[in-house]
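Okay, structure first, notes after.
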Amino acid sequence: MKKSVFLGTLAATALLAGFASAGTLEDVKARGELICGVNTGLVGFAAPDANGNWQGFDVDVCRAVAAAVLGDASKVKYVPTTGETRFTALASGEIDLLSRNTTWTFSRDVELKFTFVGVNYYDGQGFMVKKDLGVTSAKELDGATICIQTGTTTELNLADFFKSNNMSYQPVAIQTNAEGEQQYLAGACDAYTTDASGLAATRAAFADPENHVILPEIISKEPLGPVVRQGDDQWADIVRWTLNALIAAEEYGVTSANVDELAKGTQNPEINRLLGAEGNLGEMLGLDKDWAHRAIKAVGNYGEIFAAHIGESTPIGLARGLNAQWTQGGLMYSPPFR
């Protein structure tokens with residue numbers, strides 16, 4: 001039943017996406033503001049602070065694009081979206097960009113007519129349980145009640161995992177991470193399942209994180225990244241290459257602290273092209289030569305963003321793992337700036 005409703009939502013969203021038209025760059029410039037779809041609240045990734053200012057790993061993608069396009073990382077309007085509302089918001093034009101721990105899949109790319117411009121976090125689905133449940137493996141969850149966000153790949157992966165292991169479960173449907181946290185802590189479900197990074201972020205916000213265990217199994221591939229509508233290649237290129245600029249900056253040692261100095265020119269032609277000291281890459285995007293310089297100055301390089309919001313020195317405590325640079329054994333890799 002749930003699956004058919006989910007697929008129906010996909011079909012409706014695909015129809016909306018078919019009406020998408022080019023010109024997002026012009027719309028954003030005319031408005032003087034980037035409208036960015038984010039999570040309803042996931043600490044470390046996208047959540048408002050005590051003053052209502054949005055912060056996080058995914059938020060910094062929005063801020064970097066605003067800096068590149070508008071010259072000001074603060075010119076962003078954040079629209080909280082759920083697993084079920086995010087695609088309609090993007091397809092209908094309510095938002096310019098979706099930066100909300102969203103998994104790149106075949107159907108979303110092809111059927112929904114969206115463009116995933118890259119991956120900013122390589123993840124996988126996991127399970128969290130209370131330590132006193134005494135469970136040490138996801139394969140011990142036969143018959144468990146499990147909190148699951150509707151309208152997500154998580155929902156489908158869960159069904160696949162239990163079916164392939166000949167186990168049963170009782171889903172407890174939730175709309176947002178906050179609702180999932182509330183239901184899980186209240187005992188409405190034995191386990192909470194979502195992306196492992198989301199579980200770490202959720203657990204870090206608990207009063208007693210040490211009493212909750214993230215089980216070792218990772219049951220899926222979840223390449224998470226920013227999404228735009230199909231049909232506007234220029235806008236897709238701008239968001240794609242802004243993300244690539246942050247990744248490349250880390251590889252080449254360009255930071256928020258030294259970018260001004262390096263922009264004057266270096267012995268490395270790649271850095272010079274990236275920062276506008278040589279060539280005309282900005283012009284090719286419909287931007288000025290300093291677009292990447294501004295993005296890096298505003299939010300830092302990819303490594304700085306990771307360390308600030310979700311890294312090992314934060315309460316979330318995520319290791320780089322697959323999200324390390326390719327030179328360090330990870331998957332983070334930008335195509336050449338040339």
Side-chain angles (χ1 to χ4, degrees), residues 1-10 39 42 45 82-84 86-87 100-112 116 119 121-204 206 211-225 316 318-319 321-323 331:
M1 179 74 174
K2 266 185 203 157
K3 191 167 180 180
S4 64
V5 170
F6 178 54
L7 292 176
T9 303
L10 294 187
N39 203 296
L42 184 62
F45 286 86
T82 68
E84 291 187 323
R86 55 185 164 173
F87 297 128
R100 185 204 177 280
N101 50 306
T102 297
T103 304
W104 188 349
T105 71
F106 183 99
S107 60
R108 291 172 176 180
D109 195 319
V110 179
E111 184 184 14
L112 296 194
F116 286 77
V119 176
Y121 194 93
Y122 289 94
D123 209 345
Q125 183 174 335
F127 297 87
M128 178 167 62
V129 298
K130 293 171 183 170
K131 186 178 287 186
D132 61 14
L133 191 65
V135 169
T136 58
S137 166
K139 292 183 179 178
E140 298 172 22
L141 292 174
D142 190 15
T145 52
I146 300 180
C147 284
I148 177 80
Q149 288 190 50
T150 56
T152 62
T153 55
T154 317
E155 190 175 17
L156 307 179
N157 295 335
L158 181 65
D160 288 350
F161 175 75
F162 273 77
K163 183 177 180 180
S164 63
N165 284 284
N166 197 29
M167 300 192 305
S168 65
Y169 69 99
Q170 182 65 42
V172 177
I174 57 170
Q175 296 291 324
T176 67
N177 189 69
E179 184 187 352
E181 178 181 327
Q182 181 182 21
Q183 294 283 67
Y184 166 77
L185 290 176
C189 49
D190 299 311
Y192 185 25
T193 186
T194 189
D195 298 335
S197 64
L199 293 177
T202 300
R203 182 175 66 173
F206 290 167
N211 291 329
H212 304 268
V213 179
I214 297 175
L215 300 177
E217 287 86 0
I218 297 296
I219 68 169
S220 68
K221 291 185 294 185
E222 306 293 331
L224 311 177
I316 296 167
L318 294 171
L322 293 177
N323 298 293
L331 297 177

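Along the sequence shown, the residues carry numbers beginning at 1. Hydrogens, waters and symmetry mates play no part in the numbers below; they use all other heavy atoms, side chains included. Because the structure is predicted, anything quoted here is derived from the model rather than measured.
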Straight-line distance of [X] [atom1] to [Y] [atom2], nearest 0.5 Å:
X	Y	atom1	atom2	answer
Gln149	Ile174	CD	CD1	4.5 Å
Phe87	Arg100	CZ	CZ	8.5 Å
Leu42	Thr194	CG	OG1	8.0 Å
Asp123	Leu199	CG	CG	8.5 Å
Asn211	Arg203	CG	CZ	10.5 Å

Any side-chain to backbone donor/acceptor pair from Arg86 onto Gly83? Under 3.5 Å, distance only.
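Side chain of Arg86 to backbone of Gly83: a pair is present.
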Using modelled atom types and a 3.5 Å cut-off, is there a donor and acceptor pairing between side-chain atoms of Tyr122 and backbone atoms of Lys221?
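Not at all, since once roles are kept as given, no pair shorter than 3.5 Å links the two residues.
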Do [X] and [Y] touch side chain to side chain, with heavy atoms closer than 4.5 Å?
X	Y	result
Leu141	Tyr169	no
Glu140	Leu215	no
Thr193	Phe161	no
Phe127	Leu158	yes
Ser168	Asp142	yes
Thr154	Ile148	yes

Give the minimum heavy-atom separation between [X] and [Y], together with the two atoms involved.
X	Y	answer
Pro223	Val119	CB-CG2, 3.8 Å
Leu318	Ser197	CD1-CB, 3.9 Å
Glu179	Gln175	OE1-N, 2.8 Å
Glu222	Thr103	OE1-OG1, 2.6 Å
Thr202	Glu181	CG2-OE1, 4.0 Å
Gly124	Ile218	CA-CG2, 3.5 Å

So Val172 and Cys147, side chain to side chain contact (heavy atoms under 4.5 Å, CB included) or not? Walk me through it.
CA-CA 5 Å; Val172 177; Cys147 284; 4.1 Å; yes
Compute whether any side-chain donor of one residue and acceptor of the other, for [X] and [Y], lie under 3.5 angstrom apart.
X	Y	value
Glu155	Thr150	no
Thr82	Glu84	no
Tyr192	His212	no

Could you pull out all residues at least two apart from [X] that satisfy side chain to side chain donor-acceptor pair (under 3.5 Å)?
X	value
Asp190	Thr145
Ser164	none
Asp195	none

NZ/Lys130: more than 12 non-hydrogen atoms of other groups inside 6.0 Å:
yes
Should the pair Tyr121 and Phe45 be assigned to parallel (<30°), tilted (30 to 60°) or perpendicular (>60°) ring geometry?
perpendicular
